[in-house]
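Values below: every heavy atom of this structure, side chains too, minus hydrogens, waters and symmetry copies. Just so you know, these numbers come straight off a predicted model, no measurement behind them.
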Amino acid sequence: MSIRPVAPPLLIACALGIEHLALRTGDRSGAGGQVTVLRTGMGPEAAEAAVTRRLADPALSEAAVLATGFCAGLAPGMHPGDLVVAEETRDPRGTVPCVATELLVKELVRALPGRTVHTGPLTGSDHVVRGQERSDLLATGAIAVDMESAATLLSAVRTGARPVAAVRVVVDAPEHELVRIGTVRGGISAFRVLRSVLPAFFEWHRSLLLPRR
């Protein structure tokens, strides 16, 4: 009798209420297994604590983890509503390689035709990045920055070997700086994009086949 492979559970982590709302109201009909959407709260410490606590649940011991939400683009020419697929996340505590990024790019292009998808390192910060600091981070090779992705993925892999990825939607770019995150509600393109990413996440999830025990 053959063993039927199944995908591990999927934990999707975001920080903000508006991000959580976008993910909760997106199309979840294509989910291929157990999916949990976790709002961690803002900042790396909150993300680390929330993800570590959630993955302590035995039901999620082998869960794949995908960090998502909004980010600041670092490269000239980036625009609100562009997508960033991290090849790796990094912060001063370490670098975490992401899994199956080519598949994520392919599925995001399919789900959101016409949207630009950028790939490269996604760096972490404990504060909102502005001005010269944005240029300094770009010089390290990073293409985007946010406050939770690096902490989320580092916490995830420290609790056990698992597939991880990070996909972010640009809301703030060199030529399009936001005054405050609340203005995202006014320029709703990023919110609409985040609502539309779930089919790509579910295809990524389905590709992560583990043997049933």
Same cluster for [X] and [Y] if Ile/Leu/Val/Met/Phe/Trp/Tyr side chains link at under 4.5 Å?
X: Leu11; Y: Leu208; answer: no
X: Leu198; Y: Val65; answer: no
X: Val171; Y: Leu23; answer: yes
X: Leu153; Y: Val167; answer: no
X: Leu83; Y: Val85; answer: yes

Within the 4.5 Å heavy-atom criterion, are [X] and [Y] side-chain neighbours or not?
X: Asp146; Y: Ser125; answer: no
X: Leu154; Y: Arg93; answer: yes
X: Val170; Y: Phe70; answer: no
X: Leu74; Y: Ile143; answer: no
X: Ile12; Y: Leu38; answer: no
X: Glu203; Y: Leu104; answer: no
X: Arg195; Y: Thr25; answer: yes
X: Val105; Y: Thr119; answer: yes

Least distance between heavy atoms, [X] atom then [Y] atom:
X: Ala67; Y: Ser149; value: CB-OG, 3.8 Å
X: Ala13; Y: Thr40; value: CB-CG2, 4.1 Å
X: Pro121; Y: Gly141; value: CD-O, 3.5 Å

Nearest-0.5 Å distance that lies between atom [atom1] in [X] and atom [atom2] in [Y]:
X: Cys71; Y: Met147; atom1: SG; atom2: CE; answer: 12.0 Å
X: Glu88; Y: Thr123; atom1: CD; atom2: OG1; answer: 9.0 Å
X: Thr140; Y: Arg90; atom1: OG1; atom2: CZ; answer: 5.0 Å
X: Ser196; Y: Phe191; atom1: OG; atom2: CZ; answer: 10.0 Å
X: Leu108; Y: Trp204; atom1: CG; atom2: CH2; answer: 12.0 Å
X: Leu122; Y: Leu137; atom1: CG; atom2: CG; answer: 10.5 Å

Strictly distance-based, threshold 3.5 Å: is any side-chain N or O of [X] a donor or acceptor partner for the main-chain N or O of [Y]?
X: Glu19; Y: Cys14; value: no
X: His205; Y: Pro8; value: yes
X: Arg134; Y: Gly73; value: yes
X: His79; Y: Gly77; value: yes

Candidate list Leu55, Leu60, Val99, test side chain to side chain contact (heavy atoms under 4.5 Å, CB included), partner Arg162, passing option:
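Answer to the side chain to side chain contact (heavy atoms under 4.5 Å, CB included) test with Arg162 among Leu55, Leu60, Val99: Leu55.
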Is the closest side-chain donor-acceptor distance between Thr68 and Arg168 under 3.5 Å?
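Side chains of Thr68 and Arg168: no pair found under 3.5 Å.
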Suppose we screen for side-chain contact (heavy atoms from CB on, under 4.5 Å). Which residues come up paired with Ser155, at least two apart in sequence or across chains?
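Listed in chain order: Glu48, Val51, Thr52.
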Other residues, nucleotides and ligands only: do more than 12 of their heavy atoms fall within 6.0 Å of CD on Glu133?
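Check passes, neighbour count above 12.
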